[in-house]
K.L.:
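Structure incoming, see below.
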Amino acid sequence: MSFSVFNSMTRSVEPFVPLEPGVVRMYNCGPTVYNRPHVGNYRAFLFADTLRRWLEYLGLRVEQVMNITDVGHLTDDADEGEDKLEKQARREKLDPWQISRKVTEQFFADLAALGVRQAKAYPKASEHIPEMLEIIEGLLAKGHAYAVGGNVYFDVKSFPRYGRLSGNRVEELEAGARIAVREDKRNPEDFALWKSDPAHLMKWATRFGPDGFPGWHIECSAMSRKHLGERLDIHTGGEDNIFPHHECEIAQSESFSGKPFATYWMHSKFLQVDGGKMSKSLGNTYTLDDVAAKGFNARQLRFALIRGHYRAPLNFTWESMKDAASSLENLDDLVVRLRRVAKGQEGAGQPQAGLELVQAARKTFEDGMNDDLNVSRALPGLMALRAAALEGRLGSAAALDALEFVRRANEVLGVIQVDEELLPAAIEALIAARQAARKAKDFKESDRIRDELLAKGIVLEDTPKGVVWRRKA
RNA sequence: GGCGGCAUAGCCAAGUGGUAAGGCGACGGAUUGCAAAUCCGUUAUCCCCGGUUCAAGUCCGGGUGCCGCCUCCA
């Protein structure tokens, strides 16, 4: 079975075939850095990371680029529309550049904590103004855009395919318009490539005027072109990006280059919280710190966010967070068990026993991931392996094979504790002291030591073959 | 009003028309110095109403509910 993905453009699952064999050029819509990202944002970024990791598992080289939008978007389309970065800057009494720098650093720190692999580049909108202007000039020259005063608009009527991605029809958009139409646009659905406003703080002087700044969509067209070329294999984003953002990107990029922009459009579903929407007013836009305050680490959050299918709504609750943590603990335990079987400390007598179970587990995992990154379908492969290990159906050679597989699977999941941890000598001594106390039937002392270890996060299990320890999640 | 997605056990969540994966939790039993872990067992008329079919969670029609977009929120 080969890798298939759901393409938002065709609304169907298609086999994934890169333009150039062996290489995938992928552009991920990144954050607007005016506010620290929250669990909802992480879901979208973890989806992109999982996709990249799966492509790498399949042996493809992934050229991944994620943009950092550090030029403020207007909060609305009216003339006095305020931009998010500038609004936040005023709130914090900083200038917008300081805000974007601060939030960008925070964003990278969060990604690192979540175990997200680094993209090839994280281009910033503010550093690609010339590239944007090049496209704008090109669109003007080709008659796809027009300048009015200090503003430049894309002429949507010049691009008949506009609306294909979102399924929106221009006529219907007009009917539903709720924003006062700017009088300088030829048509209400035209969107800005470049705007001018003397009151704007982040601005650049061009032939259109001294106080200009880019429209929202142009940055992605410019930066993807610069870092990945005119044609992309995959373009991702949250489902909210489909319209207008991606629709406009397609119009600009394809009108400019005359080539198809991205082959596959992939969008992740919004995260729900407590069965409803996540919003600042409800106070449920949790950050990594909020999650930590509830006693969960980033690894557990990563697992909670990737274990559902990226295209299905995922309901985030503290209970589901706890479930995920417990489930993950068992995956960690799987590795520990396999290691013991591989060392011959337990398991089936025949080293080769259960090799076919490992093969089946691998197939379950790969079939699931190949099916449009269906992590929920893939995970039972690992769980089945744990059951096999517990039931003593694996021999040492099979366990070794299984360990290898789990290690590889975790290159994709990025959540399992696969490396063997050695305990500090002081802890080892405590375990030995407890064993001595138990032998002497001094259970009061042995239980005291067990509690002491538990407080240090070490759980002891007395198996028929002796005591084993594991780290409490 | 227009476009799109979703609805499966207490909770999370798979499911390719052929008789409901997996996880978390709960309950009963075994095991244990007590626990933990583990083992055995129990835990779903698949949102509602019609229809197609030998057969529907899966297809079709109609409801209901939730989510997203409709000019700058992943």
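In this text, all values refer to a predicted model and were calculated from it rather than measured experimentally. Naming convention: chains lettered A, B, ... in sequence-line order (proteins, then strands); numbering from 1 in each chain.
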K.L.:
Taking the P atom of each, how far is B:G10 from B:C70, in whole Å?
P.N.:
37 Å

K.L.:
Rounded to whole angstroms, how far apart are NE2 on A:H245 and P on B:A74?
P.N.:
10 Å

K.L.:
Would you call A:E420 and A:K343 a salt bridge, using N to O less than 4.0 angstrom?
P.N.:
yes

K.L.:
Is the shortest distance from a Lys or Arg side-chain nitrogen in A:R311 or A:E239 to a carboxylate oxygen in the other one below 4.0 Å?
P.N.:
no

K.L.:
Measure from the side-chain heavy atoms of A:P380 and tell me the nearest of B:A21, B:C11, B:C72.
P.N.:
B:A21

K.L.:
Do NZ/NE/NH1/NH2 and the carboxylate oxygens of A:R438 and A:D462 come within less than 4.0 Å?
P.N.:
yes

K.L.:
Check every strand shown and say whether A:G163 touches a base, only sugar-phosphate, or nothing at a heavy-atom separation below 4.0 Å.
P.N.:
nothing

K.L.:
State the dot-bracket string of RNA chain B. Criteria: Watson-Crick or G-U wobble, both atom distances under 3.5 angstrom; notation: ( ) intrastrand, [ ] crossing earlier pairs, | interstrand, . unpaired.
P.N.:
(((((((..(((.....[...)))((((((.......))))))...(((((..]....))))))))))))....

K.L.:
Using a 4.0 Å heavy-atom cut-off, does A:G237 contact any base of the nucleic acid, only the sugar-phosphate backbone, or nothing at all?
P.N.:
sugar-phosphate

K.L.:
I'd like to know if A:E254 and A:R161 make a salt bridge, using a cut-off of under 4.0 Å between side-chain N and carboxylate O.
P.N.:
yes

K.L.:
Generate the contact string for nucleotides 25-36 of chain B. Rules: B means base contact, S means sugar-phosphate contact only, - means no protein heavy atom under 4.0 Å.
P.N.:
S-------BBBB

K.L.:
Enumerate the salt bridge (Lys or Arg N to Asp or Glu O under 4.0 Å) contacts for residues 39-49 of chain A, please, sequence neighbours excluded, ordered by first and then second residue.
P.N.:
A:D49-A:R53, A:D49-A:R302

K.L.:
Quick one: do A:R450 and A:D447 make a salt bridge, cutoff under 4.0 Å?
P.N.:
yes

K.L.:
Using a strict cut-off of less than 4.0 Å between a Lys/Arg side-chain nitrogen and an Asp/Glu carboxylate oxygen, indicate whether A:E219 and A:K124 qualify as a salt bridge.
P.N.:
no

K.L.:
Under a 4.0 Å threshold between the charged nitrogen and the carboxylate oxygen, would A:E366 count as salt-bridged to A:K363?
P.N.:
no

K.L.:
Between B:G68, B:C67, B:A37, which nucleotide gets closest to the side-chain atoms of A:Q272?
P.N.:
B:C67

K.L.:
Give a yes/no on whether any side-chain N or O of A:N315 is located under 4.0 angstrom from OP1 or OP2 of B:C12.
P.N.:
yes

K.L.:
Which atoms of nucleotides 40-43 of chain B (N or O only) lie under 3.5 Å from a protein N or O atom, and what are those distances?
P.N.:
none

K.L.:
Can you tell me how far C1' in B:C46 sits from the matching atom in B:A7, rounded to whole Å?
P.N.:
10 Å

K.L.:
So for atom CZ, which belongs to A:R164, do other residues, nucleotides or ligands contribute more than 12 heavy atoms lying within a distance under 6.0 Å?
P.N.:
no

K.L.:
Any idea how A:W265 and A:H267 line up, ring-wise: parallel (<30°), tilted (30 to 60°), or perpendicular (>60°)?
P.N.:
parallel

K.L.:
If you measure from the P atom in B:A13 to the same atom in B:C6, how many Å do you get, rounded?
P.N.:
14 Å

K.L.:
Just jot down the side-chain contact (heavy atoms from CB on, under 4.5 Å) partners of A:V33, sequence neighbours excluded, or say none.
P.N.:
A:P31, A:I68, A:D70, A:S100, A:V103, A:T104

K.L.:
Look at the side-chain N and O atoms of A:K269 and state whether any lies under 4.0 Å from the OP1 or OP2 oxygen of B:G68.
P.N.:
no

K.L.:
When rounded to the nearest 0.5 angstrom, what distance separates CG in A:L394 from CZ in A:R340?
P.N.:
13.5 Å

K.L.:
Taking only Lys NZ, Arg NE, NH1 and NH2, and the carboxylate oxygens of Asp or Glu, determine whether A:D332 and A:R386 approach each other closer than 4.0 Å.
P.N.:
no

K.L.:
Taking 4.0 Å as the cut-off, does a side-chain nitrogen or oxygen of A:N168 come that near to OP1 or OP2 on B:C3?
P.N.:
no

K.L.:
Assess whether a salt bridge exists between A:K157 and A:D190, defined as any Lys/Arg side-chain N lying under 4.0 Å from an Asp/Glu carboxylate O.
P.N.:
no

K.L.:
Quick test: give all pairs of protein nitrogen or oxygen and nucleotides 15-18 of chain B nitrogen or oxygen below 3.5 Å, distance rounded to 0.1 Å.
P.N.:
from: B:G15; atom 1: OP1; to: A:N374; atom 2: ND2; distance (Å): 2.7

K.L.:
Looking at B:A74 and A:F45: do their rings stack (centroid distance under 5.5 Å, interplanar angle under 30°)?
P.N.:
no

